[in-house]
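Chain A is the first sequence line, chain B the second, and so forth, proteins listed ahead of strands; every chain is numbered from 1.
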There are 2 protein chains.
Amino acid sequence: MSKQMTEMLKGVLEGIVLAILSGRSAYGYEITAWLREQGFSDIAEGTVYALLIRIEQRGFVDVAKVPSEKGPPRKVYSLNAQGRRHLDEFWKTWSFLSERLEQLHKGGT
Amino acid sequence: MSKQMTEMLKGVLEGIVLAILSGRSAYGYEITAWLREQGFSDIAEGTVYALLIRIEQRGFVDVAKVPSEKGPPRKVYSLNAQGRRHLDEFWKTWSFLSERLEQLHKGGT
DNA sequence: TACCGGTAGATAGTAACACTGAATAGTGGT
DNA sequence: ACCACTATTCAGTGTTACTATCTACCGGTA
């Protein structure tokens, strides 16, 4: 992972995970694998798990422990109402930033 | 400044400032004022100055001390060749992230 | 003179977040 | 008994933006 990407993910990775969870429930290992498929090649596993614990403590997700056939039990996370509100805020913030950067990229001061 | 925006600016603010400097030279006070006009209403002045010192130490900008009629001398920053390369890298990283988020926002897993 | 607002920059300490590296645990196959 | 894969956790580190404060220069005003 480039240092640039590491810094840029701050605040964004949380939104990405919430967005994933807005579509379907998922557990940590699964989310990490999905992120890697999407080109976030070197996302650290520990990072995702820490993030999940964080959003759980903030009350954005509900958790269910589900047995796995292939290993230890999974913690399946699903977005709740508060999480959806927070995700909405995330998209607003992202959109603002994205528009400003789009303008800058096109050469407009 | 929302906490969300604060986190999201990490890694991005540096790119924004480099992008500004790619268009024209500027000094800290001026950059802070410009950012506020653009809607980054509560960017802390200290943040911009610290960032400028950082990119100077990394060799992305050249500095000239220019006397001001209205106050203490200004430190005018201009992007050099290394800074332009770094800015290119920033735009690549940003584009990658932006595309992924665009997909997520449109409901695609 | 003394003071204040606007201009301009610097800095010590704090909080938040992603990363590193390692550990723990369950299951199935050899 | 060992290994690979699945699955989660955690202590310690580095980077970044913020808070709050400080220094400093100039012009205008009481």
Side-chain angles (χ1 to χ4, degrees), chain A residues 1-18 25-36 40-58 60-61 63-77 86 90 93 97, chain B residues 1-18 25-36 40-58 60-61 63-77 86 90 93 97:
Chain A
M1 184 76 60
S2 73
K3 195 181 286 179
Q4 223 169 26
M5 180 61 91
T6 291
E7 289 308 318
M8 223 181 280
L9 278 178
K10 290 184 181 178
V12 176
L13 187 58
E14 181 181 294
I16 292 174
V17 170
L18 291 177
S25 302
Y27 55 98
Y29 194 82
E30 188 183 10
I31 292 170
T32 304
W34 185 87
L35 287 170
R36 290 191 168 152
F40 297 98
S41 46
D42 295 318
I43 286 275
E45 302 221 329
T47 298
V48 174
Y49 287 114
L51 192 159
L52 288 170
I53 289 170
R54 215 160 60 224
I55 62 178
E56 179 188 354
Q57 284 172 348
R58 291 193 187 153
F60 298 151
V61 288
V63 187
K65 203 156 230 172
V66 176
S68 163
E69 304 124 16
K70 293 185 175 181
R74 300 164 173 166
K75 282 177 75 178
V76 175
Y77 294 84
H86 191 72
F90 168 80
T93 307
L97 210 54
Chain B
M1 184 77 59
S2 72
K3 196 179 288 181
Q4 222 169 27
M5 180 61 91
T6 292
E7 287 309 317
M8 228 182 278
L9 278 177
K10 292 184 181 177
V12 177
L13 187 58
E14 180 181 295
I16 291 174
V17 170
L18 291 176
S25 301
Y27 56 97
Y29 194 80
E30 189 184 9
I31 292 170
T32 304
W34 185 87
L35 287 170
R36 290 191 169 151
F40 296 99
S41 46
D42 296 318
I43 287 272
E45 301 220 334
T47 299
V48 174
Y49 289 116
L51 191 159
L52 288 170
I53 289 171
R54 213 160 62 222
I55 62 178
E56 179 188 353
Q57 284 172 347
R58 292 194 185 154
F60 297 151
V61 288
V63 188
K65 203 157 231 171
V66 177
S68 163
E69 303 124 17
K70 293 186 175 178
R74 298 164 174 166
K75 282 179 73 177
V76 175
Y77 294 83
H86 191 71
F90 168 79
T93 306
L97 210 55

Subject >> Interatomic distance where CD1 belongs to A:Ile53 and P belongs to C:dA16 [whole Å] >> reply: 16 Å
Original post:
Are the side chains of A:Glu14 and B:Met8 in touch, meaning some heavy atoms are under 4.5 Å apart?
Top reply: no
Original post:
For B:Leu52, which contact category applies under a 4.0 Å heavy-atom criterion: base, sugar-phosphate, or nothing?
Top reply: nothing
Original post:
When rounded to the nearest 0.5 angstrom, what distance separates CD in B:Glu7 from CD in A:Glu7?
Top reply: 10.0 Å
Original post:
Under 4.0 Å between a side-chain N/O of B:Ser68 and OP1 or OP2 of C:dA8, yes or no?
Top reply: yes
Subject >> Nearest-angstrom distance from the residue atom CZ of B:Phe90 to P of D:dT16 >> reply: 13 Å
**OP:** To the nearest 0.5 angstrom, please state how far the CZ atom of A:Phe90 sits from the CD1 atom of A:Ile16.
**Re:** 6.5 Å
Tabulated below should be each protein N or O lying under 3.5 Å from an N or O of nucleotides 20-26 of chain C; please produce it.
| residue | atom | partner | partner atom | Å |
| --- | --- | --- | --- | --- |
| C:dG26 | N2 | A:Lys70 | O | 3.2 |

**OP:** Look up atom CZ in B:Phe40 and atom CG in A:Leu97, then write down how far apart they are to the nearest 0.5 Å.
**Re:** 5.5 Å
Original post:
At under 4.0 Å, does any side-chain N or O of A:Tyr29 touch on OP1 or OP2 of D:dT8?
Top reply: no
Original post:
Counting only side-chain N and O atoms of B:Tyr49, is one of them less than 4.0 Å from OP1 or OP2 of C:dG9?
Top reply: yes
Subject >> Student check: side-chain heavy atoms of A:Ile31 and A:Leu52 closer than 4.5 Å >> reply: yes
**OP:** To the nearest Å, give me how far apart CG (A:Leu35) and P (C:dC19) are.
**Re:** 10 Å
**OP:** Could you please spell out the steps behind the side-chain contact (heavy atoms from CB on, under 4.5 Å) verdict for A:Phe60 and A:Arg54?
**Re:** CA-CA 9 Å; A:Phe60 298 151; A:Arg54 215 160 60 224; over 6 Å; no
Original post:
To the nearest angstrom, how far is B:Leu18 atom CG from D:dT16 atom C1'?
Top reply: 15 Å
Original post:
Counting only side-chain N and O atoms of A:Arg58, is one of them less than 4.0 Å from OP1 or OP2 of C:dA16?
Top reply: no
Original post:
How do A:Glu30 and A:Glu7 order along DNA chain D: which one's closest nucleotide is nearer the 5' end?
Top reply: A:Glu30
Original post:
For D:dC25, does either OP1 or OP2 sit under 4.0 Å from a side-chain N or O belonging to B:Arg74?
Top reply: no
Original post:
A:Trp34 CH2 to D:dT6 P: how many Å, rounded?
Top reply: 19 Å
Subject >> Carboxylate-amine/guanidinium contact B:Glu30 B:Arg74, below 4.0 Å >> reply: no
Original post:
DNA chain C: A:Leu9 or B:Gly28, which has the more 5' nearest nucleotide?
Top reply: B:Gly28
**OP:** Measure the distance from CD on A:Glu14 to C1' on C:dC17 and round it to the nearest whole Å.
**Re:** 10 Å
Subject >> Close side-chain approach of A:Thr47 and A:Leu9, heavy atoms under 4.5 Å >> reply: no
Subject >> Phosphate-side-chain proximity, A:Arg54 and C:dA16, N/O vs OP1/OP2 below 4.0 Å >> reply: no
**OP:** Indicate, yes or no, whether a donor-acceptor pair under 3.5 Å links the base of D:dT15 to the side chain of A:Lys3.
**Re:** no
Original post:
C:dA16 C1' sits how many Å from A:Lys10 NZ, rounded?
Top reply: 8 Å
Original post:
In whole angstroms, how far is the P atom of C:dA10 from the CG atom of B:Leu51?
Top reply: 13 Å
